[in-house]
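Residue indices begin at 1 and follow the sequence shown.
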Amino acid sequence: MLSYGTLRACIRVDGQALESYGIETFPEENKVTCWIASEAGKTFSVVWQDINHARQYHQTGDVTLDGVHGGGQLMRALSFNEPPTYQRCTAEFKYVNTSMNSICPLTFSSLQLTGQFHLKCAHILIDEDQHLNSAHAELGEISLAIWPVNVIGMGYQRKLVSAKGTMVHERSKKASSHCVGFGEEIRVPPQQVINVARVGIIPTATFVFRYRPFDRLVADGIAPPPMQPSRGTKREVPVDIPEPEDHNDGTGLDIDDEALRELNALKAQVRRLEERISTTRSAKRVKIESSDTMRGQ
């Protein structure tokens with residue numbers, strides 16, 4: 001969540017604030033910018049709150065989507081000694097008015113690219129090069145400008161947003177592959193709005209959320225790569241075992257076999273020597289025992 005003074009703001013998806021990357025603050029403009037990860041098909045909302053519990057003035061949050069004004073949300077002043085509840089200190093912008101009696105939720109969508117060709121439809125020649133300069137400089141940005149205001153009356157919704165998707169020529173494509181789109185249209189009763197007049201010449205705070213797919217943020221070094229899952233037993237690298245070499249000395253006789261026969265011959269010789277030693281010891285014992293017998297007689 002971004003913050004400036006007593007104001008806080010974020011983009012919320014699935015009930016959670018998206019993480020902000022590369023946060024920068026520009027005090028001379030009362031502006032804070034950041035990057036967020038967008039996912040095509042996801043519905044989102046712009047949420048902001050004021051933790052100044054002594055605030056006794058109205059303020060609005062004006063939302064701009066890809067350079068196009070999408071609407072605003074009023075946060076009324078707190079009355080004297082009024083408890084600062086979450087509902088009274090928080091505003092959420094999640095729909096745009098597409099007609100007097102219809103609204104559409106905000107979504108992240110894939111950017112539509114046109115080709116370098118002509119399209120004939122209903123006998124009308126449409127040159128897709130007309131989209132070459134149609135991309136707003138703020139494509140890929142969601143901006144929230146918070147102003148102090150005076151309430152001047154009520155009226156009906158007049159500022160409507162086109163439900164058509166953003167279309168950009170492929171030659172003017174920016175780094176973003178996403179844009180702000182709209183979900184299924186919802187029918188509602190005719191919408192009344194509160195007319196306000198801004199106070200001051202610059203917003204109290206402006207929050208700019210630049211959105212890109214997460215992979216793009218990682219590739220550009222804006223967001224850290226995701227944590228790798230912990231690995232179990234390390235996989236051993238297979239080792240090439242060489243074939244046993246042929247130790248033939250050219251006589252047709254394997255050197256190992258010859259050495260084995262020599263070893264066996266030596267063992268046989270050792271056994272013969274051991275038998276000779278054993279025989280000699282037995283003969284000496286017999287001779288000694290005979291001598292002892294003769295002395296006894």
Side-chain angles (χ1 to χ4, degrees), residues 1-13 16-38 44-80 82 84-97 106 108 135-152 159 161 174-176 178-180 193-212 217 220 222-223:
M1 178 173 284
L2 302 184
S3 62
Y4 190 81
T6 62
L7 299 170
R8 308 286 185 269
C10 70
I11 302 298
R12 184 180 289 172
V13 173
Q16 300 293 325
L18 293 182
E19 186 170 356
S20 302
Y21 306 100
I23 299 174
E24 293 184 279
T25 303
F26 304 91
E28 67 280 1
E29 302 177 59
N30 296 343
K31 180 186 291 186
V32 183
T33 67
C34 73
W35 296 86
I36 57 172
S38 54
F44 71 90
S45 62
V46 184
V47 181
W48 60 283
Q49 58 185 195
D50 191 346
I51 61 174
N52 177 13
H53 298 162
R55 176 179 49 82
Q56 295 184 1
Y57 52 87
H58 308 301
Q59 52 189 356
T60 60
D62 291 337
V63 178
T64 302
L65 309 165
D66 293 336
V68 178
H69 184 259
Q73 194 77 20
L74 176 69
M75 182 183 291
R76 288 186 174 274
L78 294 173
S79 301
F80 183 70
E82 179 183 1
T85 62
Y86 176 84
Q87 289 79 7
R88 294 287 284 111
C89 298
T90 306
E92 183 173 15
F93 182 87
K94 53 185 177 180
Y95 300 104
V96 293
N97 292 88
L106 304 176
F108 290 116
H136 290 279
E138 294 85 8
L139 179 64
E141 292 184 1
I142 301 168
S143 176
L144 169 68
I146 299 174
W147 293 82
V149 296
N150 292 322
V151 174
I152 58 177
K159 294 182 179 180
V161 178
K174 297 177 64 176
S176 178
H178 289 167
C179 65
V180 173
V193 297
I194 301 172
N195 296 322
V196 298
R198 292 174 178 175
V199 177
I201 57 174
I202 63 171
T204 305
T206 300
F207 300 100
V208 179
F209 302 90
R210 299 187 175 106
Y211 61 89
R212 298 288 187 277
L217 296 181
D220 291 344
I222 297 171

Can you find a heavy atom in the side chain of [X] that is under 4.5 Å from one in the side chain of [Y]?
{"X": "T204", "Y": "N30", "result": "no"}
{"X": "V68", "Y": "V180", "result": "no"}
{"X": "P203", "Y": "I146", "result": "no"}
{"X": "R76", "Y": "L74", "result": "yes"}
{"X": "V32", "Y": "S3", "result": "no"}
{"X": "V46", "Y": "F207", "result": "no"}
{"X": "F26", "Y": "T33", "result": "yes"}

Sequence neighbours left out, what passes side-chain contact (heavy atoms from CB on, under 4.5 Å) with [X]? Give chain and number order.
{"X": "I152", "result": "N195, A197"}
{"X": "T6", "result": "D50, I51, N52"}
{"X": "E82", "result": "L78, S79, R88"}

Report task. Kindly assign one of parallel, tilted or perpendicular to the pair Y211 and F108, based on the angle between their ring planes and the thresholds 30° and 60°. Result ->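 Geometry flag for F108 against Y211: tilted rings.
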Give me the atom names and distance for the closest heavy-atom approach of [X] to [Y].
{"X": "Y57", "Y": "P148", "value": "CD1-CB, 4.3 Å"}
{"X": "C10", "Y": "M1", "value": "SG-CE, 3.7 Å"}
{"X": "G140", "Y": "R212", "value": "O-NH1, 3.5 Å"}
{"X": "V63", "Y": "L144", "value": "CG2-CD1, 4.0 Å"}
{"X": "S38", "Y": "H178", "value": "OG-ND1, 2.7 Å"}
{"X": "W147", "Y": "D62", "value": "CD1-OD2, 3.8 Å"}

Query raised in the report: What distance separates T64 OG1 from E141 CD, expressed to the nearest 0.5 Å?
Result: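 Interatomic distance, T64 OG1 to E141 CD, rounded to 0.5 Å: 10.0 Å.
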Query raised in the report: Can you tell me how far the CD1 atom of I36 sits from the CD atom of E19, to the nearest 0.5 Å?
Result: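 CD of E19 is found 11.5 Å from CD1 of I36.
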Requested in this report: Using atom types as modelled and distance alone, determine if a side-chain donor or acceptor of H58 lies under 3.5 Å from a backbone N or O of A77.
Outcome: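 Checked: pair present.
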